[in-house]
Amino acid sequence: MASIGQIVPQTPGNDVLARARQRAALVPDCMVEARRIANTVIAGWHGRRKRGIGENFWQFRPYSEGESLARIDWRRSARDDHTYVRDLEWEAAHTVWLWADVSPSMMYKSTLGTVSKESRALVLMLALAEILARSGERIGCPGVMEPISARNAAERLATAIMHAPLAEGLPDTGMIRGASDIVLIGDFLDDADRIMERITPLSRRNLRGHVVEIADPAEETFPYSGRTEFTDPETGERLVSGRAEMLREDYQRAYLARREYLGQSLRRLGWSFVFHRTDHLASEALAAVHGYLSGNPPRLAGAR
């Protein structure tokens, strides 16, 4: 039968340098797509900023009796018959650490998916960086970029990713200090208990976490039949099944049980969990994660 999926792009052997170059070549296109998606999601969102003590102008509003006359903006008030107060922003910049998995399994794309898992993960990370940067938050990436607060933080993160050494597995978080959020984006196909062994200590460090599991639709539906060869992109191990369709029911049961266990374990830590398939709109996952970050948990089918 015809191939349903493949590692995209294919890299001969374990050529880490070639994989790093391919990832770097992918980032500019991901940045363009990330900005497009961010513009879509951000249209109805005004960020976390609110009226308070700060230096930047926020809005004009009508003067209320009893307020200090020093706050009146006489120039604006002179334009009509009303008296206006000049409000400033309360700049409560928060640090959000973003990480996307770039291990070999993330390079998979089936004929049922629109993009590879790696591409979707990078787009989500950069789109989230774009939205958070516009609201004045500090953006960082463990082991890649120290937190910065800048309007072009997403572009700077994209540049840092292009030149960062290729690393596999969950990131080193030793550089993270103080209360902050961390968003981990990947396929999380490793043993769930081992994943939780890495994540649990983070929850004890006053880190509020958010996990986004990216899956290709073929990984969930298992559309294979007939003689099929499966290859582990991490180890190179191969499995040949004479009648792959006979494995479907057991596979799906195990696959869903692993995901449910991971989601429940994360929720017990107070972390959020979002499942996202690459044949769905990236904006769905982006809106869900943003909802958790802003304290407004989404009511979406894909949000766990």
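Atom set for the values below is all heavy atoms of this structure, side chains included, hydrogens, waters and symmetry mates excluded. Note that the numbering runs from 1 along the sequence shown for the chain.
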Can [Y] be reached from [X] by stepping across I, L, V, M, F, W or Y side chains whose heavy atoms are under 4.5 Å apart?
{"X": "Val123", "Y": "Val115", "answer": "no"}
{"X": "Ile195", "Y": "Leu202", "answer": "yes"}
{"X": "Leu239", "Y": "Met246", "answer": "no"}
{"X": "Tyr224", "Y": "Leu256", "answer": "yes"}

### Query
Would you say the side-chain atoms of Arg267 and Ser272 include a donor-acceptor pair closer than 3.5 Å?
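Ser272 and Arg267 do not have a side-chain donor-acceptor pair below 3.5 Å.
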Could you tell me whether a side-chain N or O of [X] sits under 3.5 Å from a main-chain N or O of [Y], the two making a donor and an acceptor?
{"X": "Thr173", "Y": "Ile176", "answer": "no"}
{"X": "Gln252", "Y": "Thr221", "answer": "yes"}
{"X": "Lys109", "Y": "Gly113", "answer": "yes"}
{"X": "Ser119", "Y": "Ser116", "answer": "no"}
{"X": "Thr228", "Y": "Gly226", "answer": "yes"}
{"X": "Asp73", "Y": "Arg76", "answer": "yes"}
{"X": "Arg259", "Y": "Phe275", "answer": "no"}

### Query
Is the CZ atom of Arg243 crowded by more than 12 outside heavy atoms at less than 6.0 Å?
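Count not over threshold, so no.
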### Task
Check whether more than 12 heavy atoms from other residues, nucleotides or ligands sit under 6.0 Å from atom CE of Met175, and answer yes or no.
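Result for CE/Met175: enclosed.
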Minimum heavy-atom distance between [X] and [Y], given as atom pair plus value:
{"X": "Thr278", "Y": "Ile214", "result": "CG2-CG2, 3.8 Å"}
{"X": "Ala100", "Y": "Leu122", "result": "CB-CD2, 4.3 Å"}
{"X": "Ala38", "Y": "Ala127", "result": "CB-O, 3.8 Å"}
{"X": "Gly186", "Y": "Asp101", "result": "CA-CB, 3.7 Å"}
{"X": "Leu262", "Y": "Met196", "result": "CD1-SD, 3.8 Å"}
{"X": "Ser105", "Y": "Asp187", "result": "OG-OD2, 2.6 Å"}

### Task
Take Phe188 and Val211, measure what side-chain contact (heavy atoms from CB on, under 4.5 Å) needs, and give me the verdict at the end.
CA-CA 9 Å; Phe188 299 98; Val211 170; 3.5 Å; yes
### Task
For the pair Asp250 and Arg253, evaluate side-chain contact (heavy atoms from CB on, under 4.5 Å) and give the outcome as yes or no after the intermediate values.
CA-CA 5 Å; Asp250 289 340; Arg253 186 183 301 110; 2.9 Å; yes
### Task
Go through the steps to decide whether Trp271 and Ile199 satisfy the test side-chain contact (heavy atoms from CB on, under 4.5 Å), and finish with yes or no.
CA-CA 10 Å; Trp271 285 36; Ile199 288 179; 3.6 Å; yes
Quick one: are [X] and [Y] in side-chain contact, heavy atoms under 4.5 Å?
{"X": "Asp172", "Y": "Pro142", "result": "no"}
{"X": "Glu213", "Y": "Phe273", "result": "yes"}
{"X": "Trp97", "Y": "Asp181", "result": "no"}
{"X": "Ile185", "Y": "Lys117", "result": "no"}
{"X": "Arg120", "Y": "Met125", "result": "no"}
{"X": "Leu247", "Y": "Ser241", "result": "yes"}
{"X": "Ser103", "Y": "Met106", "result": "yes"}
{"X": "Met162", "Y": "Met31", "result": "no"}

### Task
Take Thr231 and Arg238 through the side-chain hydrogen bond (donor to acceptor under 3.5 Å, both in side chains) test and state the conclusion after the steps.
CA-CA 5 Å; Thr231 303; Arg238 299 176 183 273; 3.2 Å; yes
### Query
Residues two or more places apart in sequence or in another chain: which of them pass side-chain hydrogen bond (donor to acceptor under 3.5 Å, both in side chains) with Glu197?
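Once residues adjacent in sequence are excluded, Glu197 has no partner under the side-chain hydrogen bond (donor to acceptor under 3.5 Å, both in side chains) criterion.
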### For Ser77, side-chain hydrogen bond (donor to acceptor under 3.5 Å, both in side chains) partners two or more places apart
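Once residues adjacent in sequence are excluded, Ser77 has no partner under the side-chain hydrogen bond (donor to acceptor under 3.5 Å, both in side chains) criterion.
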To the nearest 0.5 angstrom, please state how far the [atom1] atom of [X] sits from the [atom2] atom of [Y].
{"X": "Tyr261", "Y": "Asp191", "atom1": "OH", "atom2": "CG", "answer": "8.0 Å"}
{"X": "Cys30", "Y": "Glu118", "atom1": "SG", "atom2": "CD", "answer": "7.5 Å"}
{"X": "Ile161", "Y": "Cys141", "atom1": "CD1", "atom2": "SG", "answer": "5.5 Å"}
{"X": "Glu137", "Y": "Arg134", "atom1": "CD", "atom2": "CZ", "answer": "14.0 Å"}
{"X": "Leu286", "Y": "His276", "atom1": "CG", "atom2": "NE2", "answer": "9.5 Å"}
{"X": "Thr95", "Y": "Arg138", "atom1": "OG1", "atom2": "CZ", "answer": "3.5 Å"}

### Message
Exactly one of Leu128, Leu98, Leu124 should register a side-chain contact (heavy atoms from CB on, under 4.5 Å) with Val289. Which one does?
### Response
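The residue from Leu128, Leu98, Leu124 that satisfies side-chain contact (heavy atoms from CB on, under 4.5 Å) with Val289 turns out to be Leu128.
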### Message
Check this for me: does any side-chain nitrogen of one of Glu219 and Arg277 sit under 4.0 Å from a carboxylate oxygen of the other?
### Response
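Judged by the 4.0 Å cut-off on N to carboxylate O distance, Glu219 and Arg277 do not form a salt bridge.
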### Task
Would you mind checking if Glu33 and Arg36 are paired as a salt bridge, meaning a charged N to carboxylate O distance below 4.0 Å?
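Here Arg36 pairs with Glu33 in a salt bridge, since their nearest N and O are under 4.0 Å apart.
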### Message
Under the ring-ring contact (aromatic ring centres under 6.0 Å, His included) definition, can you give me all pairs with a residue in residues 232-254, not counting sequence neighbours?
### Response
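As it turns out, the ring-ring contact (aromatic ring centres under 6.0 Å, His included) pairs with a partner in residues 232-254, which skip direct neighbours, are Phe222-Tyr251, Tyr251-Tyr255.
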### Query
When you look at Leu293 and His210, which way does the side-chain contact (heavy atoms from CB on, under 4.5 Å) test go after all the steps?
CA-CA 8 Å; Leu293 283 168; His210 314 275; 3.5 Å; yes
### Task
Could you walk me through whether Thr114 and Asp279 pass the side-chain hydrogen bond (donor to acceptor under 3.5 Å, both in side chains) test, one step at a time?
CA-CA 6 Å; Thr114 56; Asp279 58 337; over 6 Å; no
